[in-house]
Amino acid sequence: LSADFFCYRRKAKPKHVPSDLWRSGLPYLATKTPDRDNAVGALMDALNGVAWHDDCQVHLGRVYMWVCAKGGEPRCELTLRRLGLHGGPA
């Protein structure tokens, strides 16, 4: 499982974001909110019965929380890969 969550970009610059990064309009890693655990839990529950029988079948995962680029749409970009019995490609 590989997931990139792109969260809403505020209109005003947050204090913890460097000015040059904010002015660039590029996406950046979210460090304050939202809560990663809640986002992953909702994603895993939503895919139960669709991508897997139960989320206990998911053994590996990489999740990043981003703030959208200027003008970007909030979204989740998801990649699923089936693993074989020993953790390699199926």
Side-chain angles (χ1 to χ4, degrees):
L1 168 72
S2 174
D4 290 282
F5 289 91
F6 289 84
C7 308
Y8 175 77
R9 184 183 184 97
R10 296 179 183 181
K11 296 201 184 296
K13 182 186 92 59
K15 292 179 184 178
H16 68 279
V17 176
S19 295
D20 57 338
L21 176 59
W22 183 257
R23 282 192 304 269
S24 74
L26 297 172
Y28 60 89
L29 288 173
T31 57
K32 299 286 183 182
T33 57
D35 182 25
R36 178 187 172 275
D37 292 338
N38 291 342
V40 171
L43 175 66
M44 299 290 279
D45 290 344
L47 292 174
N48 276 342
V50 177
W52 44 71
H53 293 290
D54 189 76
D55 56 12
C56 70
Q57 295 176 281
V58 178
H59 295 281
L60 298 171
R62 179 203 60 83
V63 176
Y64 286 109
M65 302 295 289
W66 298 89
V67 174
C68 285
K70 189 173 184 178
E73 290 291 321
R75 64 192 182 280
C76 176
E77 296 179 2
L78 180 65
T79 303
L80 300 174
R81 192 177 79 189
R82 183 178 179 162
L83 298 178
L85 291 175
H86 302 288

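If you read the sequence from its start, that first residue is 1, and numbering goes on from there.
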Any link between [X] and [Y] through a network of hydrophobic side chains (Ile, Leu, Val, Met, Phe, Trp, Tyr) touching at under 4.5 Å?
X: Val58; Y: Leu78; value: yes
X: Met44; Y: Met65; value: yes
X: Phe6; Y: Leu29; value: yes
X: Val67; Y: Leu21; value: yes

> Would a 4.5 Å heavy-atom cut-off, applied to side chains only, mark Leu1 and Leu80 as touching?
Replying inline: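 The answer is yes; the side chains approach within 4.5 Å.
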> Under a 4.5 Å cut-off applied to non-hydrogen side-chain atoms, are Asn48 and Asp45 in contact?
Replying inline: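 Of all side-chain heavy-atom pairs linking Asp45 with Asn48, at least one is under 4.5 Å.
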If you count heavy atoms of other groups shown closer than 6.0 angstrom to [atom1] of [X], is the number above 12?
X: His16; atom1: NE2; result: yes
X: Gln57; atom1: CD; result: yes
X: Tyr64; atom1: OH; result: no
X: Lys70; atom1: NZ; result: no
X: Arg10; atom1: CZ; result: no

Restricting to non-hydrogen atoms, name the atom on [X] and the atom on [Y] that form the minimum distance, rounded to 0.1 Å.
X: Pro27; Y: Ala69; value: CD-CB, 3.6 Å
X: Ala3; Y: Cys76; value: CB-SG, 4.3 Å
X: Trp22; Y: Pro14; value: CZ3-CD, 3.7 Å

Would you compute the distance between atom [atom1] of [X] and atom [atom2] of [Y] and round it to the nearest 0.5 angstrom?
X: Trp66; Y: Arg75; atom1: CH2; atom2: CZ; value: 10.5 Å
X: Arg9; Y: Tyr28; atom1: CZ; atom2: OH; value: 5.5 Å
X: Phe5; Y: Leu43; atom1: CZ; atom2: CG; value: 4.5 Å
X: Asp55; Y: Leu47; atom1: CG; atom2: CG; value: 9.5 Å

> If you measure from the Lys or Arg side-chain nitrogens to the Asp or Glu carboxylate oxygens, is any gap between Asp4 and Arg62 under 4.0 Å?
Replying inline: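 Counted as a salt bridge, because a side-chain N and a carboxylate O are separated by less than 4.0 Å.
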